[in-house]
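The structure appears below as structure tokens.
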Amino acid sequence: MSTATINNPADTSGKTRWERAVPVYGFPVVNRTFIVLVGMTLLAFLLTAYRELAGLGPVSGMNDAYGWGIWKTFNVMVLTALGSGAFAVGIAAWVFRRKRLHALMRMALLTSFLAYACGLLLLGIDAGRPWNFYWIVFPWRWNFHSPLAEVAICMSIYAMIPLAVENIPPVLERLWYFDSRLRPGVERLERGLHKFFPWIIAAAYLLPGMHQSSLGALMLLAGERVHPLWQTPWLPLLYLGAATFMSFGCVAGTTMLCCVVWKRAMDMEVLDEAARITSWLIFGWLGFRLLDILFRGALGTAFHFDRFAGVFWLEMFTVAMGGWMLRRSLRTHETRYMFLGYVLSSLGGMVYRFSPTTLAFRPNPESLYFPSAIEVLVSLGFICMGIAGFLLIVKRFGILPAPLQEWHDMASYFRFRRPYIRWTGYFKYGYFGDNEETESD
Amino acid sequence: MDITRRELISTIAKTGVPAAVAVSVGAPSLHAETENIPVPSAAVGLLYDASICIGCKACVSACAEANDTPADTRSDALHQAPNDLNDLTRNIIKLYKPEDGSISSFVKRQCMQCLDPACAAGCPFQALHKDPETGIVGWTAEQCIGCRYCTITCPYHVPRFQWQGYNPRVTKCELCSTRLEKGLRPGCTTVCPTGAVIFGPRTVLLDEAHQRIRKNPGRYYQERVYGERDNGGTQCLYLSRVPFEKLGLPELGVESVPAKTLRWQRRLYQYFALPALLYVGLVQVIRKSLKGHEHEAHEREKETGLRAQL
Ligand code: SF4
Ligand code: SF4
Ligand code: SF4
């Protein structure tokens with residue numbers, strides 16, 4: 001490979017084509033935002049320590065009527081739905097072979113892993129007697145019929161095995177580029193990994209399919225206390241459906257946002273494909289939800305003048321609006337609408353996933369729940385931890401998709417402008433591809 | 001390398017047919033399970049007759065004493081006057097007094113010891129467990145993770161969580177099972193001055209309740225014992241002059257809450273057959289996708305000279 005081809009890469013068509021995951025280079029990891037995020041995280045850790053000593057009562061707004069607060073109902077129920085990208089985008093790419101979506105896979109895997117990790121941590125903090133979680137390794141103690149056992153067990157297994165393993169390739173890649181002495185080892189590892197990949201990937205679709213629906217099944221047992229607009233035997237399926245379009249929105253929307261922030265070109269072919277799938281998922285979900293309400297004869301309650309009807313229409317409207325905007329962006333090719341469409345549909349989905357446990361939950365005796373300041377800070381702190389992790393990782397590993405050109409730009413950037421940065425081993429070799437002759441040390 | 005229609009159909013057929021068989025084989029056994037909830041051999045319970053309770057609350061303090069819990073004086077720092085079940089209160093007397101001056105009634109609330117308890121159905125590591133002999137639903141501290149799911153699943157809103165402290169417990173009436181072992185009766189039944197709450201085997205209590213209904217025609221609401229069939233049957237039974245719903249005992253139908261709501265969940269996961277089949281099918285499809293994907297990536301690698309990213 002001569003330098004000439006590298007400096008004049010093939011892409012001259014003017015149309016961007018995401019081909020390679022390239023780290024976000026040229027921006028420092030530690031900036032003001034990052035410091036604020038880390039600060040919030042540390043604060044959350046401190047408050048968590050206080051919570052473990054004082055118990056749940058003093059730190060949260062939870063009470064006998066609302067046994068579950070936002071840690072479970074928002075950070076777990078809602079955010080893991082946003083983090084189901086590895087499941088939804090993955091199925092589209094691997095099972096239905098929407099090949100172009102592979103460009104989004106690394107983003108999907110990373111966001112999922114972070115969302116799940118934060119959710120699981122909060123699940124542990126929210127549990128009153130977390131030390132008893134060790135029963136998880138004794139299957140004969142599991143209550144197989146309990147949706148909560150299903151969620152807790154399946155979610156931890158998923159995040160710790162298939163999802164974590166799927167996230168290994170970018171790390172190995174970095175090592176491969178880092179030092180040529182590591183290469184034989186890395187390649188051996190990769191070969192081993194690839195052998196297990198079909199089993200790992202299949203598990204990575206089966207498990208979330210199970211626990212994302214079981215999250216819906218959780219509220220089935222609450223029976224009448226969940227408002228009839230939400231309480232349905234189809235709750236598991238609707239929860240799963242919401243997770244699919246929300247996570248598509250999260251993955252594609254985040255990628256778009258990153259492209260804008262770090263000035264990267266967008267591949268409209270991939271984004272259009274994602275938007276098309278998302279819009280169909282949205283309309284399918286909306287249709288199913290409305291039909292279900294209709295057949296159960298609960299539609300009348302949607303026209304009562306109360307908070308339930310309000311939340312219901314808010315949710316329906318935002319999701320539908322998001323779906324419409326996505327369709328519109330497909331016609332007019334305005335990325336602005338596409339982004340807004342993702343944001344709105346995901347917000348609507350978030351309201352939906354949040355409602356059965358909180359907004360549409362009618363405890364007896366009637367009582368109110370409002371999260372306390374500490375609760376909100378801890379919840380936010382763990383979200384901040386996820387975001388900080390994301391910012392760190394996209395700047396150090398090849399996650400964000402980019403045109404081929406970007407890779408070459410990155411290589412020259414480090415070669416000529418930052419030759420003193422040690423970790424550019426990543427790029428030192430990447431620049432020359434497999435050419436080993438130029439290696440100096 | 002789009003997924004071909006033929007491949008899709010064959011995959012669906014390969015996984016779907018055995019799955020359908022598995023579900024239909026599993027279904028009858030489930031039906032049997034949901035329709036007749038077995039009554040434990042030595043099922044014991046309480047019979048509470050709201051119409052003769054005078055609301056003296058002797059049973060409330062007797063309950064605290066029997067369970068060795070400190071008196072809950074949090075409301076006025078002097079009297080034991082909890083206003084609902086809570087982490088120190090397993091048993092409570094409440095008053096239903098309608099605005100229109102029609103008949104009022106006290107109600108004693110405690111765990112119903114359901115025959116098919118929703119709290120135990122949801123409890124992830126079987127911390128809440130129904131004793132197969134006495135049918136008492138007990139709580140084991142060592143298996144409870146403090147998830148508070150039981151406070152959400154119980155249709156009678158009985159289990160309460162301790163919100164203070166680093167080692168919280170779940171509180172619910174366990175029918176004084178430790179006293180029963182010593183041959184004593186549950187605390188509340190030992191002090192009741194009117195016999196409004198009595199203890200005994202479920203069958204005896206049911207006979208007694210029906211006898212009372214026969215002897216006093218027209219006295220009891222719907223001439224019915226709450227708990228005989230409600231929610232699949234409970235071991236604590238209620239008689240009342242006012243509608244049960246007013247006393248906080250919702251009309252749940254004869255099917256138990258877990259049987260009603262988790263039917264499909266249980267069917268889908270029966271023997272794990274369906275998930276296992278789905279898994280095998282997925283592996284097949286993905287194996288093929290992976291081959292195509294790898295092939296393309298390596299072609300591209302040759303073109304660009306950059307290492308393939310999988
Ligand atoms: S009344 Fe509630 S706590 Fe008692 S056994 Fe039934 S479901 Fe469990
Ligand atoms: S709080 Fe404890 S007893 Fe209640 S459902 Fe959770 S683990 Fe079971
Ligand atoms: S002791 Fe008997 S009469 Fe007094 S409140 Fe309790 S159940 Fe009613």
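Numbered from 1 within each chain, the chains take letters A, B, ... in sequence-line order. These values consider heavy atoms only, across backbone and side chains, with no hydrogens, waters or symmetry-generated copies.
Neither the backbone nor the side chain of A:Phe138 comes within contact range of chain B; no heavy atoms are under 4.5 Å apart. Only the backbone of B:Ala120 comes within less than 4.5 Å of a heavy atom of chain A; no side-chain atom from C-beta onward does. No part of A:Leu207 comes within reach of chain B, as not one of its non-hydrogen atoms sits under 4.5 angstrom from that chain. Contact of B:Asn167 with chain A is made through backbone and side chain together, with heavy-atom distances under 4.5 Å. Neither the backbone nor the side chain of A:Pro233 comes within contact range of chain B; no heavy atom of the residue lies under 4.5 Å from a heavy atom of that chain. If you measure heavy-atom distances from A:His194 to chain B, the contacts under 4.5 Å come from both the backbone and the side chain. For B:Leu262, the part lying under 4.5 angstrom from a heavy atom of chain A is the side chain only.
A donor-acceptor pair under 3.5 Å is absent between the side-chain atoms of B:Lys260 and the main chain of A:Gly223, judged by distance alone. Not one N or O on the side chain of A:Asp64 forms a donor-acceptor pair closer than 3.5 Å with the backbone of B:Arg160.
Comparing B:Pro250, B:Cys150, B:Pro159, B:Gly146 by heavy-atom pairs within less than 4.5 Å of chain A, the highest count is held by B:Gly146. For the options A:Ala149, A:Pro58, A:Gly67, A:Ala222, heavy-atom pairs under 4.5 Å to chain B are most numerous at A:Gly67. Counting heavy-atom pairs closer than 4.5 Å to chain B, the top residue among A:Glu150, A:Glu224, A:Met219, A:Gln231 is A:Glu150. Options B:Gly122, B:Ala118, B:Cys144 differ in how many heavy-atom pairs under 4.5 Å they form with chain A, and the most are formed by B:Cys144. Per-residue heavy-atom pair counts under 4.5 Å with chain B were compared for A:Gly209, A:Ala203, A:Gly124, A:Pro169, and the maximum is reached by A:Ala203. Ranked by non-hydrogen atom pairs under 4.5 Å with chain B, the options A:Ile91, A:Ile136, A:Thr357, A:Leu123 are led by A:Ile136. Interface summary for chain A: among B:Arg287, B:Gln162, B:Gln143, the most heavy-atom pairs under 4.5 angstrom belong to B:Gln143. Interface check for chain B: of the options A:Ala93, A:Ser214, A:Pro130, the most heavy-atom pairs under 4.5 Å are formed by A:Ser214. The residue among B:Leu85, B:Ile145, B:Asn86, B:Thr151 with the most heavy atom pairs within less than 4.5 Å of chain A is B:Ile145. Your options are A:Ile200, A:Val59, A:Asn63, and the one with the most heavy-atom pairs under 4.5 Å with chain B is A:Asn63.
Counting all heavy atoms, side chain and backbone alike, B:Glu142 lies closest to A:Trp135 at O-NE1, 2.7 Å. Scanning both residues, A:Trp68 and B:Cys147, for their nearest heavy atoms gives NE1-O, 2.8 Å. Contact between B:Tyr166 and A:Trp131 at its shortest, heavy atoms only, is O-CH2, 3.4 Å. For the residue pair B:Leu282 and A:Leu206, the shortest heavy atom distance occurs at CD1-N, 4.2 Å.
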Result block: side-chain N/O donor-acceptor pairs under 3.5 angstrom for residues 48-56 of chain A, not counting sequence neighbours:
{"from": "A:Thr48", "atom 1": "OG1", "to": "A:Ala44", "atom 2": "O", "distance (Å)": "2.6"}
{"from": "A:Arg51", "atom 1": "NE", "to": "A:Ile125", "atom 2": "O", "distance (Å)": "2.6"}
{"from": "A:Arg51", "atom 1": "NH2", "to": "A:Ile125", "atom 2": "O", "distance (Å)": "3.1"}
{"from": "A:Arg51", "atom 1": "NH2", "to": "A:Ala127", "atom 2": "O", "distance (Å)": "3.0"}

**Residues B:Val285, A:Trp94; criterion side chain to side chain contact (heavy atoms under 4.5 Å, CB included); working and verdict** = CA-CA 8 Å; B:Val285 175; A:Trp94 286 105; over 6 Å; no
**Request:** Would you sort out whether B:Gln309 and A:His102 count as a side chain to side chain contact (heavy atoms under 4.5 Å, CB included), showing the intermediate values?
**Result:** CA-CA 10 Å; B:Gln309 290 180 320; A:His102 280 295; over 6 Å; no
**Item:** Evaluation steps, side chain to side chain contact (heavy atoms under 4.5 Å, CB included), between B:Phe161 and A:Met62
**Value:** CA-CA 10 Å; B:Phe161 184 74; A:Met62 295 178 224; over 6 Å; no
**Asked** Passes side chain to side chain contact (heavy atoms under 4.5 Å, CB included), A:Leu221 versus B:Ile152? Steps please.
**Response** CA-CA 8 Å; A:Leu221 271 175; B:Ile152 288 176; over 6 Å; no
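Residues B:Tyr279 and A:Trp199 place their aromatic rings such that the two centres sit no closer than 6.0 Å.
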